Each structure stands twice: as C-alpha cells, then as structure tokens.
2 protein chains.
Amino acid sequence: MTTIHDVARAAGVSISTVSYALSGKRSIAETTRRRVTDAASRLGYQPHAGARMMAGTRTQIFAVTAPLRHDTYAPAHMAFVLAVATAARRHDYDILLLTEDEATKGLSRVASSRLVDGVIVLDVSAHDERVDLVRSLGLPTVLVGIPDDTTDLACVDLDFEAAVRLAVDRLTALGHRRIAHIGHPQEIYDRGSNFPLRVRTEFGSYTGGLGLEAVFVTSETDGASVRATVKALLDADEPPTALLLHAQESVQAGVLGYLAERGISVPRDLSVISVGSTFDTSRFEPALDVIPLVATATCDVAVDLLIDSLPFPPTPRVQYVAPEYRSFDSVAPPP
Amino acid sequence: MTTIHDVARAAGVSISTVSYALSGKRSIAETTRRRVTDAASRLGYQPHAGARMMAGTRTQIFAVTAPLRHDTYAPAHMAFVLAVATAARRHDYDILLLTEDEATKGLSRVASSRLVDGVIVLDVSAHDERVDLVRSLGLPTVLVGIPDDTTDLACVDLDFEAAVRLAVDRLTALGHRRIAHIGHPQEIYDRGSNFPLRVRTEFGSYTGGLGLEAVFVTSETDGASVRATVKALLDADEPPTALLLHAQESVQAGVLGYLAERGISVPRDLSVISVGSTFDTSRFEPALDVIPLVATATCDVAVDLLIDSLPFPPTPRVQYVAPEYRSFDSVAPPP
DNA sequence: ACCGATCGTTGAAACGCTTCGACGATCGAT
DNA sequence: ATCGATCGTCGAAGCGTTTCAACGATCGGT
C-alpha cells in the first residue's frame, strides 16, 4: 500500500505539502503541485480511508436506509438505491446499505461510530419509525418522501399534488368533466403510505374545487379484482370519460387489458393518464401518458441537499421536485 | 461522542484494559470485565470506525458489486443484495454498495483505500470483467455465480446441474420420456450468461445419457413469442409430456396462461417444473413445482466463506449449494 | 537598503484505537 | 523460604492523515 509518505518522498516534498497539494486547501506553487499529483498518480496513491476518517472530519460515506416491505415494488426500490449511489459517487461519496431489520439499530450504530457523514432515508412513510430516530441522532439527514410531521427535517419528493393537478388540468382542458382515479389496494391507504394518500387527497380536493365529477376507487392487485373495479366504473350510469391511474404496474396493465377486451379504445373512447409511476408506461399497449416518479431526479436533489449542508444537518425544509408530463397519446377529448 | 478513554475512566482502568476486555483478546479478571462492559453500555460506547480501521486490521465492511444489466430481474437482484447484507450483519459487517458503472473503478478504489476487508461479487457471468480485477487485487473475495475460468477464485452457486438432474429424475420416475426445456431469450446464451448455459448444457447431456427425447427452445419475453414457442412445441408430431422451465417470471406465467387457454390441464395433460427460479411459483395458477434459487442460502455460504478466511483470501474452490425440490403438484405421470 | 506583507513549505500535534512489551502480584512446585 | 510460571493490568508506540503554527524566501513600498 502506498502512503502519503511515499508520495512525499517521490515528489521530494513534505507530507503536509502533499496533503495541501492534493486537497487544494492552501496555495501551492504550480510546479510543486504538478510534481505531487504526478507522483501520486504514478504510485497509484489512494488515501487510507481509516486515517482520513480519523484525522479529517469526513468519512466520504453516506448511509442509505431502504426498508423492503412486503408490498415494495422491487424495481423501483432498486432504482432509488442506485440513483442515490450514483449521485453520491459524483461527490466522491460511497453508500453504506442499511437493511430493514437494521433500520433503527443500524442507524444508531453507524452514527455513533462516526462511520458516515450523513444519511439518506428512502421510501419514507407517513409515520415512519426512522423519522424520530434521525431527528434525535442529529446526523445530517435527508428524507426521500414526506412524513406527517416534518419538524426539523429536510425532505425531498416529487410534487405529487402538482402532478395530480397537471393531469387533471390536461383532461379538463380537453373537455373532460367526469374523471375516475384508480388507486392502490385499501391496505396501502390504511397504513398511512405517503404518496398514495397525497395523490388521493389532492385528486379529491382539486377536482372538487373545479366542480368536476370525480370518483376514487381502490383496487386489489389480482387480475380479477382489477377487472371488477374497472367494470363497476364503466357500468355506472354516467361512466367517467377519463382515468387517472396511480397503482402498481400489473394493475395498470390489467386495466388496459380489460379495456381492450371490452373493445374500449384509448384514447378515443376513454382517456388514461398514469401518475407517479416508476415503470415504463410507453411499453404498455397502448402506451400511456405519464407523470413519472423519476428516481434520479429526486435522489439527485436529495444528495445535493445533503452535500451542500455538510458537515451540518441541512436546513429543515420540504423540497418538491416539479412533475413533468410525458405524452404518448393516451388522452383525447371525451367522445 | 464517547471514546475508549471515557470508558476507561468510568471503569477505573486503563484504555488497554478496556480494549482487551471488550475484544477478549487477553484474559481479564471477570470482575474487571464486568466493570468495563457495564461502563461501555452505560455510556453507549461505540468504537470510532476510523480509529479502528487505522489501528486494527479490520474495517468491518464488505464491498458488494451487483451490476444492474438491462435484463436484470430487479426483485432477485435486490434479494441477493439484501441476503448478503443480512448475512454480513450477523458477523458485524456492513455493506458498501458498488454500482455498476463503478464495478471496476470502485473496486480498485475501495481496495487501495483499505475501506473494506473483502468483496462479494454478485451475479457473475461467464466472462466477467470483474473477475480478472479481483484476481489482481488480492483482496479477499467470494463470487456468487461461476465464471468460465475459476482459477484462484472462491465461488458459490446453486448446483444448477444437480437441479436439472433432480427435475429430470422426478419426471422419468413418473414415466416421462419426452421433455422440453423452455429457456431464456437467445441473447442471454449468446452473451455467455452463466447459469442459463449451465442448465441448458446439463439438460442436454443428462437427458441424452438417459436416452430421453429432449428438446431445448429459447423464447423471447413478450407474450406473443412465448405463445408461439409453446404452440410450436405442442403442435409437434410427438409433443413433450413435460416442461422444464428456466426463464423469467413473466415467461413462465405466459406459458401457463397459454396452456390454460388451450384447455391443457397441469399436471393431468402436461407436467411442468420450474428450475432455478427466484420468484414464488406457488402463486402461479396452477402453482408450479420448483427447484428454487434461494438468495439467502447462497449468500449465507458466500459470506461465511469470506468471514472464515479473513484476513486472507479464501482458498480457491467452487462451492455448490445443494438444490431442493419443492412440490406443488404440477407433475404427474404422462397421460 | 530596510521593513512588513505575502507566499510556499515544513515539522509536529492530534484524531481513537489496537497491540506489544513490561511489570507487579499470585501461586504451585521445589 | 525461594524460584519460575502464570495472570491481570498498564504505558507507550504506531497506524496515515489533516491542519495549525511557524519559518524562510520573495517582493513591493518607502
């Protein structure tokens, strides 16, 4: 292993000069700096992580806690973890993965052992046990997702409310007055899951404010339930002319399958928009207009927030990421 | 932050006594040990990770590299990462997640900065660029999956060959003589993906050795291709009486869907076994007998191998995890 | 030609831990 | 009673880095 001593010797300077030359924390003559960086890269010098943690104030590691609940959609989950890792690497940070059963114990442990400089908390639910913990830990932390009580917390999330309004506006602009929102299984709402609730609530109040006829329905995820849900919706006296989907991939696919089966054409007979989806709706048959939940967008913001505040906790705030509408021609004026 | 000094003062002993009492590396009088451990837990003492790395030889961190290819099945991927993390925690190890674009650069970095004590390489393919790297790094490493050239490497994987034999034996015992193996898309085999090839090869040679009529077919993952593949199989002159499935979840579901559509009853008309699957085949309709690829089983072995060898690289070897047959009544004698 | 400021560089301290060598006390064997 | 071995404890060195205080050299202003 090559140490800072080796580099110093090779460059013919003292170790402090090497340290300053590489960190840029003091002015160093350009020629000296070159000699040092050359020697360093020639020897393949990498500072000893432990020594750096010990002497400096940074560990260059973030902890990420990402609970895997039984109804977690693994691809999205993975995408968020990866997005955090990628964003962190851009700032020379590595990611320490804390598993669910370690969510609290693990956080305390890495905090008091000074292993990490900060924490990214993923998939935050309305009442999340990790929230109180990070508050008490005083470790720089950013939450991805918004809990009920955001006191003292820095949170980042897609602006689901704006996303709903964006979708509804698009539909009303085309003349739709009767819109149905198909959501997640009931259990999700009961448990206080974060954004499904926010979507549902905003859908209710925004359409209400506009004087629209709006219906909200939950649906279990199995094929039969999905079909039954959509059937009930379409067989009503005054069926909706547009659907706002916020549910898992298989459910949305199931809805489209059932529509095709009944010979209902999208968007001619019925307009459909997918909101807050983490998967690719352009590969559906037919492709669906979508206001996606983009892992990279959200996680980039979260990591930037954390980096900027170091070594202190970020200023408490709720940072919304603006929604973006992606059109694949699944909406049209009502028939 | 409470340091070893604080504990020493509280317990009325020297810091070296604290260190020995907590590590157990020298004999300490029982009463002294008690005083120390009491003080430590009372003060909530956690050794400083950096200091420990610096002084000791262990960092208590493993790196995990888990590339996310475009055809990676995310739930399985996640399950393996989690399984490694969980197994590692049992030995007081944390997991540093290396993302795909960092697969090689990241490995070198954590190696030369002495950030990790070892590496777990997940989802190894036949010709994996990470393999040469870990060989040259000399860092204790265990691969999950088996590359073509295993020289100097410690590898762990399900015994896919034995799994195939187990499945075939089950079928022949019931009297089946014509078995078809539906595999992954052609691309997967072309790329040299590891276990799909091993399954295909063993299926060919084992059924050949038994004098069975065996067919191997690939299938793209879209619904139409799956249906076409199965149709061709069943419309042959002498159609198979049993299917051995080794493909992704949607393909296996598609096969079952098409069978149902054609009014073919499993297992009355056709026996079906799923091999090396990472998902839950018992929730299929009908449920499928399966020889699963269990993430926890494999990763536990991998982590144990690594832990046991520390601080040296593990003895090179290929360690197979025995397959296990789980019956859900999807096989029966041929009609 | 001299003084103070600025610039580039250096030695040394400090970070918290592990571990080695040493030392007094205790004990069993002679 | 004496000696050697064993046991429990301790002081101090050392791990590789960052950073502070300090120092000589250079330079512009008088």
Side-chain angles (χ1 to χ4, degrees), chain A residues 1-37 39-40 43-61 92 109-117 310-311, chain B residues 1-37 39-40 43-61 92 109-117 310-311:
Chain A
M1 188 198 171
T2 107
T3 74
I4 199 171
H5 273 101
D6 304 327
V7 179
R9 191 165 347 109
V13 296
S14 72
I15 60 164
S16 36
T17 302
V18 174
S19 182
Y20 287 125
L22 294 178
S23 72
K25 294 196 178 175
R26 273 201 192 177
S27 58
I28 292 286
E30 180 56 24
T31 60
T32 314
R33 210 188 54 74
R34 281 301 297 259
R35 276 215 318 279
V36 170
T37 52
L43 299 175
Y45 169 68
Q46 283 280 45
H48 186 289
R52 173 171 267 189
M53 288 187 199
M54 171 110 270
T57 54
R58 308 290 180 92
T59 69
Q60 305 292 2
I61 302 178
D92 256 305
R109 181 168 45 81
V110 298
S112 54
S113 69
R114 293 277 118 102
L115 220 197
V116 303
D117 292 339
L310 289 180
Chain B
M1 189 197 175
T2 106
T3 74
I4 198 172
H5 273 101
D6 304 327
V7 179
R9 192 163 350 108
V13 296
S14 72
I15 59 164
S16 40
T17 302
V18 174
S19 181
Y20 288 124
L22 294 179
S23 72
K25 294 194 179 175
R26 272 199 192 178
S27 58
I28 291 286
E30 180 55 24
T31 61
T32 312
R33 210 188 54 72
R34 280 301 297 260
R35 274 216 317 280
V36 170
T37 52
L43 298 175
Y45 169 69
Q46 284 279 46
H48 186 289
R52 172 173 269 188
M53 288 187 199
M54 169 111 273
T57 53
R58 307 290 179 92
T59 68
Q60 305 292 2
I61 302 179
D92 254 307
R109 182 168 45 81
V110 298
S112 55
S113 68
R114 295 276 118 106
L115 221 198
V116 304
D117 291 340
L310 289 181

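All figures in this text were calculated on a predicted structure; none of them were measured in a lab. Chain naming here is simple, since letters A, B, ... match the order of the sequence lines and numbering starts at 1 in each.
- Contact annotation: side chain of Y20(B) to base of dC17(C), donor-acceptor pair absent below 3.5 Å.
- Counting heavy atoms from C-beta outward, R109(A) and Q46(B) have side chains that approach closer than 4.5 Å.
- Within the structure, a side-chain polar atom (N or O) of Y45(B) is placed less than 4.0 Å from OP1 or OP2 of dC17(C).
- Side-chain atoms of R26(A) come within donor-acceptor range of the base of dT9(C), with a qualifying N/O pair under 3.5 Å.
- At dC10(D), one or more side-chain N or O atoms of S14(B) fall inside 4.0 Å of OP1 or OP2 (strictly under the cut-off).
- Straight-line distance from the CZ atom of R114(A) to the C1' atom of dA14(C): 16 Å, rounded to whole Å.
- For the pair R35(A)/I28(A), no side-chain contact is recorded, criterion being any heavy-atom separation below 4.5 Å from C-beta on.
- Atom P of nucleotide dG16(D) and atom CG of L115(B) are separated by 15 Å, given to the nearest angstrom.
- Look at CD1 on I15(A): it is 12 Å from P on dA13(C), rounded to the nearest Å.
- Taking 3.5 Å as the limit, the base of dT18(C) and the side chain of R52(B) contain no donor-acceptor pair of atoms between them.
- What separates CD1 of I4(A) from C1' of dG16(D) is a distance of 8 Å, to the nearest Å.
- Counting to the nearest Å, the P atom of dT18(D) and the NE2 atom of H48(A) are 12 Å from each other.
- Atom CZ of R34(A) is surrounded by 12 or fewer heavy atoms from other residues, nucleotides or ligands within 6.0 Å.
- Taking the side chain as every heavy atom from C-beta outward, I15(A) and H5(A) approach each other to under 4.5 Å.
- Contact check, K25(A) against dT18(D): no side-chain N or O comes under 4.0 Å of OP1 or OP2.
- Taking the nucleotide of DNA chain C with the nearest heavy atom to each of G12(A) and A55(A), the more 5' of the two is matched to G12(A).
- Atom CD in Q60(B) sits about 20 Å away from atom P in dG16(C), given to the nearest Å.
- Atoms CD1 (I28(B)) and P (dT6(D)) sit 18 Å apart, rounded to a whole Å.
- Within the 3.5 Å criterion, the main-chain N or O of L115(B) finds a donor-acceptor partner in the side chain of T59(B).
- Phosphate proximity of dG8(C) to S27(A): present, with a side-chain N or O under 4.0 Å from OP1 or OP2.
- As a whole-Å value, the separation of M53(A) CE from dC17(C) C1' is 14 Å.
- Phosphate proximity of dC10(D) to T17(B): present, with a side-chain N or O under 4.0 Å from OP1 or OP2.
- Take the nearest nucleotide of DNA chain C for A29(A) and for A51(B): the residue whose nucleotide is more 5' is A29(A).
- As judged by a 4.0 angstrom heavy-atom cut-off over every strand, T32(A) is placed among residues touching the sugar-phosphate backbone only.
- Residue S19(A) places at least one side-chain N or O under 4.0 Å from the OP1 or OP2 atom of dT18(D).
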